[in-house]
Trainee: 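Next up is a structure, given as structure tokens.
This structure is a prediction, so every number in the text was calculated from the model and none was measured.
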Amino acid sequence: MAYDLTLLKEGCTQLGIELTLNQEKQFIGFYEYLIEKNKVMNLTGITEFQEVLVKHFLDSLTCVKAIDIKNVRTVIDIGTGAGFPGIPLKIAFPHLEALLLDSLNKRVNFLKETFEMLRLADIQAVHGRAEEYAKNKAYREKYDLCVSRAVSNLATLSEYCLPYVKCGGCFISYKSGKVQEEIRQAVKAVEILGGKIREIQYFNLPGSEIERSLVVIEKIKSTPARYPRKAGVPLKEPLS
């Protein structure tokens, strides 16, 4: 089947990304496998090709607005779901060493199959809760960049994500629309966890009127050992 990649190419150009022919094929392959597997498991409610290009692929790549990805070597994607933003970032920037974490094992199996099908190297998917893996020395404060498109509030997400980021690294939270109130409520939590809100970028997704924002949190000191708290607590009782 012939696919029209104009939206993807133009969006990438706006983001300063140039895709090779092989990378374009990988995006198509990812789309086809996502849709095939979505018939038997709940991976995404967005299935139309052009919508996936914008709302999943380009959206995932927008973090380049906030960080020089060439200076990033290790990245972890918390609550990755069907592989967003982790897989598009890995396709577009093959130098990344990526870890994708999700709490649902069948999604993790899908991710592993996708890596193999796309022949992606230096990328792993692990099944588990963010609160638990963050206590493991193999993962704690090991990453240049943590990304998440998860829908939890920023205070909760920061407790999930900042423990993985090394000092000097960043956590980027992908959000919809305006987030001033959510940020105001999260400032104290971010500070407790060793972070500092560096900037918020507001923009429309390339080729659309969809409002998005990136909250960029810099890791300025180590996260105290008691964080994250045990599973479920960050969601029920966000730090404030």
Side-chain angles (χ1 to χ4, degrees), residues 1-39 41-69 72 75 77-94 96 98 100 102 107 110-111 114-115 117-118 120 123 125 145-152 154 157 171-179 182 199-216:
M1 179 176 173
Y3 291 98
D4 182 358
L5 291 173
T6 304
L7 264 178
L8 181 65
K9 291 177 183 178
E10 290 180 350
C12 281
T13 298
Q14 287 180 38
L15 295 170
I17 300 168
E18 191 172 332
L19 299 177
T20 65
L21 192 58
N22 184 59
Q23 287 167 320
E24 291 175 5
K25 288 177 180 176
Q26 286 177 315
F27 274 114
I28 291 170
F30 181 23
Y31 168 76
E32 290 182 335
Y33 197 58
L34 175 71
I35 298 310
E36 179 186 330
K37 286 294 183 179
N38 199 56
K39 294 171 184 173
M41 58 188 288
N42 183 27
L43 291 168
T44 177
I46 300 166
T47 56
E48 196 272 321
F49 183 65
Q50 299 298 327
E51 274 198 282
V52 170
L53 292 185
V54 174
K55 296 178 181 178
H56 282 329
F57 295 171
L58 287 172
D59 184 47
S60 294
L61 298 175
T62 56
C63 74
V64 301
K65 287 176 166 287
I67 193 168
D68 186 349
I69 208 88
V72 174
V75 60
D77 177 5
I78 301 295
T80 187
F84 305 112
I87 293 178
L89 285 171
K90 176 62 184 177
I91 291 173
F93 305 103
L96 293 174
L100 279 56
D102 197 80
R107 280 199 296 253
F110 160 77
L111 295 172
T114 302
F115 304 159
M117 186 264 299
L118 297 178
L120 297 175
I123 185 168
L145 175 64
C146 176
V147 289
S148 182
R149 289 208 317 172
V151 294
S152 298
L154 190 60
L157 275 177
F171 160 44
I172 297 180
S173 176
Y174 292 63
K175 292 286 184 181
S176 297
K178 304 293 188 282
V179 289
E182 190 176 340
E199 64 175 314
I200 304 100
Q201 292 232 356
Y202 296 106
F203 57 93
N204 288 349
L205 283 182
S208 81
E209 297 300 313
I210 300 166
E211 293 184 342
R212 295 292 274 154
S213 53
L214 298 172
V215 183
V216 185

Trainee: If you look only at pairs with a residue in residues 48-64, which of them pass as a side-chain hydrogen bond (donor to acceptor under 3.5 Å, both in side chains), with sequence neighbours excluded?
Mentor: Thr44-His56, Glu51-Lys55, His56-Arg149, Asp59-Arg149, Asp59-Arg212

Trainee: Side-chain contact, heavy-atom cut-off 4.5 Å: Val216 with Ile67?
Mentor: no

Trainee: Under the rule for salt bridge (Lys or Arg N to Asp or Glu O under 4.0 Å), what residues qualify as partners of Asp4, not counting sequence neighbours?
Mentor: none

Trainee: Roughly how far apart are Ile91 CD1 and Phe57 CZ, rounded to 0.5 Å?
Mentor: 6.5 Å

Trainee: Nearest 0.5 Å please: distance from the CG atom of Leu8 over to the CG atom of Leu19.
Mentor: 5.5 Å

Trainee: My understanding is that only residues two or more places apart in sequence, or in another chain, count here; which of them pass salt bridge (Lys or Arg N to Asp or Glu O under 4.0 Å) with Glu10?
Mentor: none

Trainee: Once rounded to the nearest 0.5 Å, what's the spacing between atom CG of Leu53 and atom CD1 of Ile28?
Mentor: 8.5 Å

Trainee: Output the distance between atom CZ (Arg107) and atom CG (Asp102), rounded to the nearest 0.5 Å.
Mentor: 4.0 Å

Trainee: Keeping the roles fixed (side chain from Ser213, backbone from Gly177), state whether a donor-acceptor pair exists under 3.5 Å.
Mentor: yes

Trainee: Short question: side chain of Gln201, backbone of Lys65 - any donor-acceptor pair under 3.5 Å?
Mentor: yes

Trainee: Measuring from Tyr3:OH to Tyr31:OH, what's the distance to the nearest 0.5 Å?
Mentor: 6.0 Å

Trainee: Compare every heavy atom of Leu100 with every heavy atom of Gly83, then report the nearest pair and how far apart it is.
Mentor: CA-CD2, 4.0 Å

Trainee: Could you tell me which residues satisfy salt bridge (Lys or Arg N to Asp or Glu O under 4.0 Å) with Glu182, sequence neighbours excluded, listed by chain and number?
Mentor: Lys175

Trainee: Under the salt bridge (Lys or Arg N to Asp or Glu O under 4.0 Å) rule, collect the residues that match up with Glu211, sequence neighbours excluded.
Mentor: Lys178

Trainee: Which side-chain hydrogen bond (donor to acceptor under 3.5 Å, both in side chains) pairs, counting each pair once, include a residue from residues 80-93, with sequence neighbours left out?
Mentor: Asp77-Thr80

Trainee: Are Val215 and Leu154 side-chain neighbours, meaning at least one heavy-atom pair lies under 4.5 Å?
Mentor: yes

Trainee: Could you tell me whether the side chain of Phe93 reaches within less than 4.5 Å of the side chain of Val75, counting heavy atoms only?
Mentor: no

Trainee: I'd like to check Phe27 versus Ile87 (side-chain heavy atoms, cut-off strictly below 4.5 Å). Are they in contact?
Mentor: no

Trainee: Is the closest side-chain heavy-atom distance between Leu58 and Cys12 below 4.5 Å?
Mentor: yes

Trainee: Do Phe203 and Leu214 have side chains that approach each other closer than 4.5 Å (heavy atoms only, starting at C-beta)?
Mentor: yes

Trainee: Between CG of Leu61 and CG of Leu89, what distance do you get to the nearest 0.5 Å?
Mentor: 5.5 Å

